[in-house]
Novice: 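I'd like to ask you about the structure that follows.
Just follow the structure's listing: the first ligand is 1, and inside any ligand the first atom is 1. As the structure is a computational prediction, the values presented were derived from the model and not from experiment.
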Amino acid sequence: MKFDTVIVGGGLTGLVSGIRLMQNGQKCAIISSGQSALHFFSGSFDLLNYLPDGKSVSNPEDSISELSLQAPNHPYTKIGKSKFAELAQEAKNFLSGIGIETQGASNKNHYRITPMGIIKPTWLTMPNFAFIEDGKFSWKKAAIINIEGFLDFNPEFISEAFEKMGIEISLQYFNLPELNTIRKNPSEFRSTNLSLVFDKEDNLDILAKILIEKSQACDVIIFPDCIGFKNPEILPKLINKVGKPVYLIPTFPPSLVGVSTQLYLKDYFTKLGGVFMLGDNVTHADIEAHHVTNVYTLNHGNIPISAKNFILSSGSFFSQGLLADSKQVYEPIFNLDTDYLTDRAEWYHTNLFEKQNYQQFGVKTDQNFHGIKDDMPIDNLFVAGAILSGFNPLKEGCGAGVSFLSALYVAEQILIKEKTYESIAQ
Ligand SMILES: Cc1cc2nc3c(=O)[nH]c(=O)nc-3n(C[C@H](O)[C@H](O)[C@H](O)COP(=O)(O)OP(=O)(O)OC[C@H]3O[C@@H](n4cnc5c(N)ncnc54)[C@H](O)[C@@H]3O)c2cc1C
């Protein structure tokens with residue numbers, strides 16, 4: 001099997017770089033062993049919320065010079081200040097170009113609400129999700145409406161968060177007889193299954209009637225993210241029938257918005273002609289003179305999968321892109337050089353809420369995100385996303401931003417490289 005580019009890992013990073021390359025005429029395959037971090041997605045992409053020293057960031061574009069001084073190996077430092085701004089705008093345009101209109105901009109963080117009612121800064125928020133700018137709302141009274149017995153959403157905490165911002169809250173619950181079958185098994189009473197009921201056109205009128213009744217004298221409705229999974233048209237129809245805005249708030253996993261974003265990107269990639277090998281695991285590679293020729297997978301055994309270029313986007317420890325034993329942190333496919341602290345006692349802090357050093361461990365790269373093996377860059381292996389070293393996605397609030405920007409950056413590097421080779425060959 002031969003491709004222009006083979007991508008290892010089909011999370012946000014792999015899918016964004018794959019779509020970008022396919023849009024530019026490349027033939028790509030994504031090999032992905034399983035679910036990605038998108039299944040836990042909050043509905044908002046973070047770009048940069050805090051500097052490594054803990055200082056809060058309101059304008060990510062303006063903060064890159066300071067970040068580069070504090071974190072010389074940060075992926076954003078490698079990308080550089082002006083390219084950072086360009087790629088952040090490109091990321092928003094990329095989503096819009098494939099049909100996902102987001103709220104927010106890279107020169108001004110806004111705020112989102114977590115399922116526990118915590119207000120957090122962020123960059124891009126998915127359509128119809130609650131979005132707070134400058135701590136202000138254009139409305140005064142909101143109805144938070146939950147489904148009886150649905151435990152993956154905490155309306156009490158969320159009410160408190162809104163009330164602290166001066167919004168009057170009416171807390172309401174409802175039931176639908178159609179929900180009783182899934183209610184019998186609490187482990188089935190999750191956002192994805194609720195959505196199967198709410199997505200039915202036959203239930204639209206009754207749901208609209210309930211929401212109208214429960215939100216009288218309220219300007220807006222706040223609803224858990226459990227509608228529109230298989231039928232994205234249903235929410236606009238509901239809003240139209242209810243006659244007032246309905247804003248979604250993410251629930252505990254499974255994240256409906258996350259799973260549907262993963263599926264949407266995957267479908268977009270395959271519609272462009274990309275090959276997505278789900279449930280397959282890349283095990284090892286042939287590397288000759290710092291050049292990768294083939295990768296091998298569990299399902300394909302000895303059959304080599306070859307390409308001109310490879311992208312490694314297999315995620316961090318969470319997705320097993322990085323592994324650790326008692327002595328070392330390693331990358332299991334190409335055995336690339338990794339950045340980690342040699343003293344294992346320094347890997348983590350016993351207080352869960354403190355900065356965890358292991359979050360910053362990852363694969364070493366050069367300035368253009370080539371993977372490094374035995375201190376030498378591999379000329380056709382690019383590394384992107386959560387597997388990169390030098391940043392702390394939790395403490396800096398930059399997880400999706402690093403994934404998105406590095407994915408677009410490496411795709412661009414591959415396209416420039418191949419164009420240069422073509423013009424030399426002519
Ligand atoms: C639980 C969780 C929730 C998060 N929520 C948010 C959020 O709401 N907002 C935000 O800004 N950031 C969030 N982040 C940060 C997150 O890291 C990035 O947003 C981003 O989604 C990471 O994407 P990725 O593609 O680099 O890695 P991943 O999403 O981890 O994907 C890596 C993929 O590679 C596959 N893989 C691994 N090894 C192999 C192999 N050998 N062969 C084939 N495939 C392989 C895995 O199965 C997986 O599908 C979250 C992170 C986690 C862990």
Novice: Could you list all the salt bridge (Lys or Arg N to Asp or Glu O under 4.0 Å) pairs where at least one residue sits in residues 307-332, not counting sequence neighbours?
Specialist: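 The answer is Asp4-Lys308.
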
Novice: Give the ring-plane orientation class for Phe198 versus Phe174, where under 30° counts as parallel, over 60° as perpendicular and anything between as tilted.
Specialist: tilted

Novice: Is Phe162 close to Ile144 at the side-chain level, that is, under 4.5 Å between some pair of heavy atoms?
Specialist: yes

Novice: Can you label the angle between the Phe382 ring and the His370 ring as parallel, tilted or perpendicular, going by 30° and 60°?
Specialist: tilted

Novice: What residues come within 4.0 Å of ligand 1, counting heavy atoms only?
Specialist: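 The 4.0 Å shell around ligand 1 contains Val8, Gly9, Gly10, Gly11, Leu12, Thr13, Ile31, Ser32, Ser33, Gly34, Gln35, Ser36, Ala37, Phe40, Phe41, Ser42, Ser44, Phe45, Asp46, Asp280, Asn281, Val282, Ser313, Ser314, Gly315, Phe318, Ser319, Ile333, Gly385, Ala386, Gly399, Ala400, Ser403.
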
Novice: From Leu95 CG over to Leu124 CG, what is the distance, rounded to the nearest 0.5 angstrom?
Specialist: 6.5 Å

Novice: If the test is side-chain contact (heavy atoms from CB on, under 4.5 Å), which one of Ile7, Val292, Leu336 qualifies with Leu312?
Specialist: Leu336

